[in-house]
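Naming: A, B, ... by sequence-line order, numbering from 1 per chain.
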There are 4 protein chains.
Amino acid sequence: MPIGFGDPGEGRPDELAAVPREISIGDLRYTTSHCVRGRPPGRAGRLCYSLAMRPDSKPVDQKTFIEEARRAQIVSCAVEVIAEVGYGQTSLARIAQRAGISKGVISYHFAGKDELIQQVAEYVVGNARAYMRPYIEAAPDAFGQIRGFIEGNLGFVGAHREQLLALGDILANARDANGSLMPDISGASGAIGTLDEFLRRGQKDGQFRAFSTRVMATSIRAALDAVSGQLIADPELDLRAYARDLVDLFHHATKA
Amino acid sequence: MPIGFGDPGEGRPDELAAVPREISIGDLRYTTSHCVRGRPPGRAGRLCYSLAMRPDSKPVDQKTFIEEARRAQIVSCAVEVIAEVGYGQTSLARIAQRAGISKGVISYHFAGKDELIQQVAEYVVGNARAYMRPYIEAAPDAFGQIRGFIEGNLGFVGAHREQLLALGDILANARDANGSLMPDISGASGAIGTLDEFLRRGQKDGQFRAFSTRVMATSIRAALDAVSGQLIADPELDLRAYARDLVDLFHHATKA
Amino acid sequence: MPIGFGDPGEGRPDELAAVPREISIGDLRYTTSHCVRGRPPGRAGRLCYSLAMRPDSKPVDQKTFIEEARRAQIVSCAVEVIAEVGYGQTSLARIAQRAGISKGVISYHFAGKDELIQQVAEYVVGNARAYMRPYIEAAPDAFGQIRGFIEGNLGFVGAHREQLLALGDILANARDANGSLMPDISGASGAIGTLDEFLRRGQKDGQFRAFSTRVMATSIRAALDAVSGQLIADPELDLRAYARDLVDLFHHATKA
Amino acid sequence: MPIGFGDPGEGRPDELAAVPREISIGDLRYTTSHCVRGRPPGRAGRLCYSLAMRPDSKPVDQKTFIEEARRAQIVSCAVEVIAEVGYGQTSLARIAQRAGISKGVISYHFAGKDELIQQVAEYVVGNARAYMRPYIEAAPDAFGQIRGFIEGNLGFVGAHREQLLALGDILANARDANGSLMPDISGASGAIGTLDEFLRRGQKDGQFRAFSTRVMATSIRAALDAVSGQLIADPELDLRAYARDLVDLFHHATKA
DNA sequence: CATGAATGAGCCTTCATTCAT
DNA sequence: CATGAATGAAGGCTCATTCAT
């Protein structure tokens, strides 16, 4: 199940979520040039052609444009599909179908399914962080940060429910080759660390009573993650009220 | 992620859990899991289940008996496999392999993979309920019930970690044919209803302050469910202390 | 291109080539038995069921029967396909199609394409050895062995042209994961060692002149291998005459 | 496996072999293969071919020129790739990657993969013929021609092992659309005809005894072709000695 | 009741080829 | 002339399921 995103640091801007579906841009401009040099008339000379070769690093931004747009489109469709049918039922075929492209395109733009899934996770985590940052930065004190975290998180749930559903499914299923759970794909669970930090500060400031910050942080995140599930069961759920109630809950749980 | 099991009511008796694990007789004496790993190579083994019978029960229907024993064995092996490699990597072949039987047996005893998974979920839920019942029944008041719920739940996590891991994976992946999440497979989440009831009673008795019982119940269960994840990250986790901290957390969160 | 097979040792009997295409045989007989022991009437007893478990090693030959028959059938069809369309164009689908079975069957009986190909190579090598053995064993002296080798080899080419074509294609394409040639899959090239031995003996006996046995052995085998190619170009090629000419050639090349 | 090239007639000039390998000018100076491996990372490179021109040739058609240079570059890279990873593992993508160009370029300059492969074969055959011609032309008599053929062939193997490995792989896999072997792609096996001619002349001159010239020619070529395989197994193989031994072998085999 | 054999759909990936830019 | 993007077919493989024995 999903996960709170804490680190208010470098996230992708939310606009990225707005994926352009129609793309039509130029590409690299490596062309072939030729020169005839130093050939005195009537003497053997050398015709020198220089053939274009691909550079090792993408030199221009332009070329990344269409590439990135497609990748974004595919990632976006993957989010939709995962959220809708679940990780287990998600196949490249289904994603391609939703994107209206052929399976091969995905393989062309991503090294494989794993990379795509990884990108999806990072995409959602990035969006969530960016969304939550202002909520947290505005906070005057430690509990304000907790409140901001809760409200920001539920705000994102409301705004991009799909994304969190998808991420939750991915995290619940992310396993390495051995089948062992990968509990922290894409640093998603950084949230707990962030919360822990807030809680410690509150304790130091005397705003919070003594408690295990680890248990408290874990429980806050768990409570937030549980909301996606509630939303599925009751799509009409009032997230604003839910956020208020959670803030209240953890206010009583933490206050000195 | 897993789930708390509350209803202290009609669970399957705990012995059922033992059927496929404790084996008493036969020319070879293995537990179900030993049978695969520890069988002397080159010899066909025989898993021999002996089921306790009440003296004055009527003649037993053999068919039902062996049937049930097999089902229990398969369910038990399925739990192991799911906990180990994850739902997504769990195939009938792997389960059969672990049980030392052929794939066909599973299809014979279960209508399909779905039914097997369903049975696994019910099996774990039943065990968890039976395990938690005494914790809860001994409680003198509403918060005592909450405390019992938390302690019983974490006790079960400690005693049968595998089962909860498996259940968690199943619930995270349980989907109907359409791909929609089935948030309440096998009535597992009955837990929330039970908790809700306890909380209401506490409010009525004046032991608890006013709060949304739904949000509180959901958060308690979420906090409990999160523990499996913590256990994976840190297998040395002190569950007893964790339980104490959680009880403390929700004591402050609920008390009048 | 193909290869001579020297080692006159343990080959499969030629009959193996006659693959039964219709199969219908019994299988393992592991059934479930049950016993009620020592239950004095009216007292609690123990109903003891013993459930069948697969043994680790295949205990009976019967079970291998159908299995082996299918494997043989598939190997046989693979030979045909490879000989006909070439290694590069040979897919499991084509083999399955020729065998009138579904692709899955092949995967069921062989660990993968690699194992199948390996089996094909071993099958042909085994047949060739078995075929050539009597030719060589009857030889009175070193050159008699060379003669037997040549005649046996060309005899096998005539009798099972397909098999050598297939083997040749496999050997020409057998590469490990890195793409490096695997020059000696299934010990096929043991032939050179065998020839080398014959040649050394002839030199020791004074029957042969001095020469590099390695170069001579390699050339003999190469000359034999080239025959398959000639056969393709000219299906009417008189193999008996060809053998006589080759024997003559290497008689002059080796004689003291 | 490779093939001897006999016809000392119309081969492409040896320089062609050099076109894509020796590069003289340009801001960057790499050979074709270096360009991929040794290009300074992050900089676009330019492969610059300079083609020798006769002083009084008419104005060169640029189109043809650059076209030919590219084709030569691609053919050359194809040789490398085939020799390295084998025909079966050779894809246009891999060739393009080695050439530092995009896949499309290949499709642009060649009608398809088949034409490219055909060109590769012709390229190698042409080089081999050109290489061998002086060896053969210098011969005073029939056996001298045979000797020249053998020495020239092994000389080429030593000088351009890669090319023969590639050709061998191609010939072993060259099939038409139906999957039938194309035993004489690019007239490669013309070698047999050439040898046959030499042998007949020797018989007419009384230098050679009576034997089937076809069998003898085929065996000579086969013995030569086998050398590539020996080289793989033992890269330290002394080709000069090997040639001497082969000459000796066929001297005894043919002499009157 | 259990088995091994078989099926057929689906999965991910690779590939030669085409094409707008 | 070169490119990157896209396609669609095919490849090998896994899997849940069915079935005769």
- Task: Encode nucleotides 9-14 of chain E as B, S and - characters from 5' to 3', where the letter depends on protein heavy atoms closer than 4.0 Å: B to the base, S only to sugar-phosphate, - to neither.
- Result: -BSBBB

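The side chain of A:Val105 lies closest to F:dT7 when the candidates are E:dT7, F:dT7, E:dA2.
For the residue pair D:Ala96 and D:Ile106, the shortest heavy atom distance occurs at N-CD1, 3.8 Å. When all heavy atoms of C:Ala121 and C:Ile170 are compared, the closest pair comes out as N-CD1, 4.4 Å.
Stem list for DNA chain F (at least 3 consecutive Watson-Crick or G-U pairs, distances under 3.5 Å): E:2-21 with F:2-21.
Spacing between atom CD1 of D:Ile106 and atom P of F:dG4 amounts to 13 Å, rounded to whole angstrom units. Counting to the nearest Å, the P atom of E:dT7 and the CD atom of C:Gln97 are 14 Å from each other. One atom, CD1 of D:Ile74, and another, C1' of E:dT17, lie 15 Å apart when rounded to the nearest Å. Atoms OH (C:Tyr87) and P (F:dG11) sit 14 Å apart, rounded to a whole Å. Rounded to a whole Å, the CZ atom of C:Arg71 is 15 Å from the P atom of E:dG4. Residue A:Glu68 contributes atom CD, which lies 14 Å from atom C1' of F:dA5 at whole-angstrom precision.
Residue C:His109 places at least one side-chain N or O under 4.0 Å from the OP1 or OP2 atom of E:dA6. For the pair D:Arg70 and F:dA2, the criterion of a side-chain N or O lying under 4.0 Å from OP1 or OP2 is met.
Counting only heavy atoms from C-beta outward, the side chains of C:Asp169 and C:Thr90 never approach each other to under 4.5 Å. Counting only heavy atoms from C-beta outward, the side chains of A:Ser107 and A:Lys103 never approach each other to under 4.5 Å. Within the 4.5 Å cutoff, the side chain of B:Gln73 has no heavy atoms near those of the B:Ser76 side chain. Under the 4.5 Å side-chain criterion, counting only non-hydrogen atoms from C-beta, D:Glu115 is in contact with D:Arg71. Counting heavy atoms from C-beta on, the side chains of D:Ile117 and D:Ile82 come closer than 4.5 Å.
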